[in-house]
2 protein chains.
Amino acid sequence: MPHPDPATLIAARGGRVTRTRTAVLSVLFEAGRPISHDEVGEALAAQGIGHDRVTLYRTLDWLVGNDLAHKVAGPDRAWRFNAVRDEGHQHAHFQCDRCGKVFCLESLQPAIAATLPSGFRLGRAELTFHGLCPACPGTTLAPERNRVAP
Amino acid sequence: MPHPDPATLIAARGGRVTRTRTAVLSVLFEAGRPISHDEVGEALAAQGIGHDRVTLYRTLDWLVGNDLAHKVAGPDRAWRFNAVRDEGHQHAHFQCDRCGKVFCLESLQPAIAATLPSGFRLGRAELTFHGLCPACPGTTLAPERNRVAP
DNA sequence: CGCACTAACGCTACAATGTTGCATTAACCA
DNA sequence: TGGTTAATGCAACATTGTAGCGTTAGTGCG
Ligand SMILES: [Mn+2]
Ligand SMILES: [Mn+2]
Ligand SMILES: [Zn+2]
Ligand SMILES: [Zn+2]
């Protein structure tokens, strides 16, 4: 399935279709994983698209606020941004301990069972796995089994 | 059960027992939840203990590196630090969407079942609940049930 | 106790990430 | 095609954390 058209998506939200917005959303679609503000900036520069740091922050915020992207915390306290495909964004993430890349585990449907202490009202749960991504060499210290109960 | 003696714990790790270290560890014990660098600093100031920003960062890092504290990400990309009681630090956390406070759910033993895509090697899993803490008013949009499967 | 050794401190400077205010530009619509 | 104003670009600032380096003080030993 090809990527949706950024301009159409942006217009559908009532936003102005600008060069920066379409380019940024396009970059997010092609990245395939959540990338940092800085990585987006590099991609824009590679396309010869001039951009201001602040504009980029605001563009990314606009995309998130209009449900065209979502952001997830990275290991280095910089947000990673990802184009939204399926509605809901109900999936876990993976952070590589070596290269720092973050991945959405879209296909993964983890089952979590837990009962919170009284007084805590649940909004949502966020599940992040840490370890080594497919591209990084080495082995983890933890058991190699892929079933976990932290 | 009363708090362990900070000075004893610090000396046991081979570190020098300084005023800052004992005071910081004591503050962490009394906080009862993970608190930010800044909150630690305020607590120190309230005790009339002079401190330097950098020293405080280094002290907290030392405590973490020596397994006397652990740090967990907050909602505002500032770390929260917590005195370690039980070994292992195998528990979930809760972030309040209103006041931003972070809580360790020490007693909670969530069950997670998931199978990672091939190539990903698992180190550990991190489970964070979001919602409203006992001290904050309001209701969440999510279902009030305390069972979740994201 | 008094001294030596050096871990820990405190200061300055710097880096990374993100925000605010405001004048200018350009997307959209009539 | 022109007017309206959302979006941009620039400068200045805020927050969180790090690196270098001279100074202070905790510790062990005679
Ligand atoms: Mn995601
Ligand atoms: Mn904890
Ligand atoms: Zn990796
Ligand atoms: Zn709260």
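Predicted, not measured: the structure shown is a model, and the values here were computed from it. A, B, ... follow the sequence lines: proteins, then strands. Residue 1 opens every chain.
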Where the side chain of [X] is concerned, which of [options] is the nearest nucleotide?
X: A/Y57; options: D/dT16, C/dT17, D/dC10; value: C/dT17
X: A/V17; options: C/dC28, C/dT20, D/dT15; value: C/dC28
X: A/A78; options: D/dC10, C/dT17, D/dT8; value: C/dT17
X: A/V54; options: C/dT20, C/dG10, D/dG9; value: C/dT20
X: A/R16; options: C/dA27, C/dG10, D/dT16; value: C/dA27

Distance in angstrom units between [X] [atom1] and [N] [atom2], rounded:
X: A/F81; N: C/dT17; atom1: CZ; atom2: P; value: 12 Å
X: A/R19; N: D/dG9; atom1: CZ; atom2: P; value: 8 Å
X: A/L56; N: D/dC10; atom1: CG; atom2: C1'; value: 15 Å
X: B/D61; N: C/dC9; atom1: CG; atom2: P; value: 12 Å
X: B/R58; N: D/dT24; atom1: CZ; atom2: C1'; value: 13 Å
X: A/W79; N: C/dG18; atom1: CH2; atom2: C1'; value: 11 Å
X: A/D52; N: D/dA12; atom1: CG; atom2: C1'; value: 13 Å
X: A/L60; N: D/dT8; atom1: CG; atom2: P; value: 11 Å

Taking [X] for the side chain and [Y] for the main chain, is one N or O donor matched with an acceptor at less than 3.5 Å?
X: A/Q47; Y: A/L44; value: no
X: A/R98; Y: A/A135; value: no
X: A/Q95; Y: A/A73; value: yes
X: A/R21; Y: A/R16; value: yes
X: A/R13; Y: A/N66; value: yes

Donor-acceptor pair present, A/R53 side chain and D/dG9 base, under 3.5 Å: no

Under 3.5 Å, is there any donor-acceptor pair linking the side chain of A/R77 to the base of D/dT16? yes

Contact under 4.0 Å: [X] side-chain N or O vs [N] OP1/OP2:
X: B/S36; N: D/dT16; answer: no
X: A/R21; N: D/dA7; answer: yes
X: A/T20; N: D/dA7; answer: no

Pair B/H130-A/E126, side-chain donor/acceptor within less than 3.5 Å: yes

Could you check A/W62 against B/A11 and say which one's nearest nucleotide on DNA chain D is further toward the 5' end? A/W62

How is B/T18 classified with respect to the nucleic acid when contacts are heavy atoms under 4.0 Å: base, sugar-phosphate, or nothing?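 The answer is sugar-phosphate, as B/T18 gets under 4.0 Å only of primed atoms, P, OP1 or OP2.
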
So which one's nearest nucleotide on DNA chain C is more toward 5', A/G15 or A/H37?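 Its nucleotide being nearer the 5' end, the pick is A/H37.
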
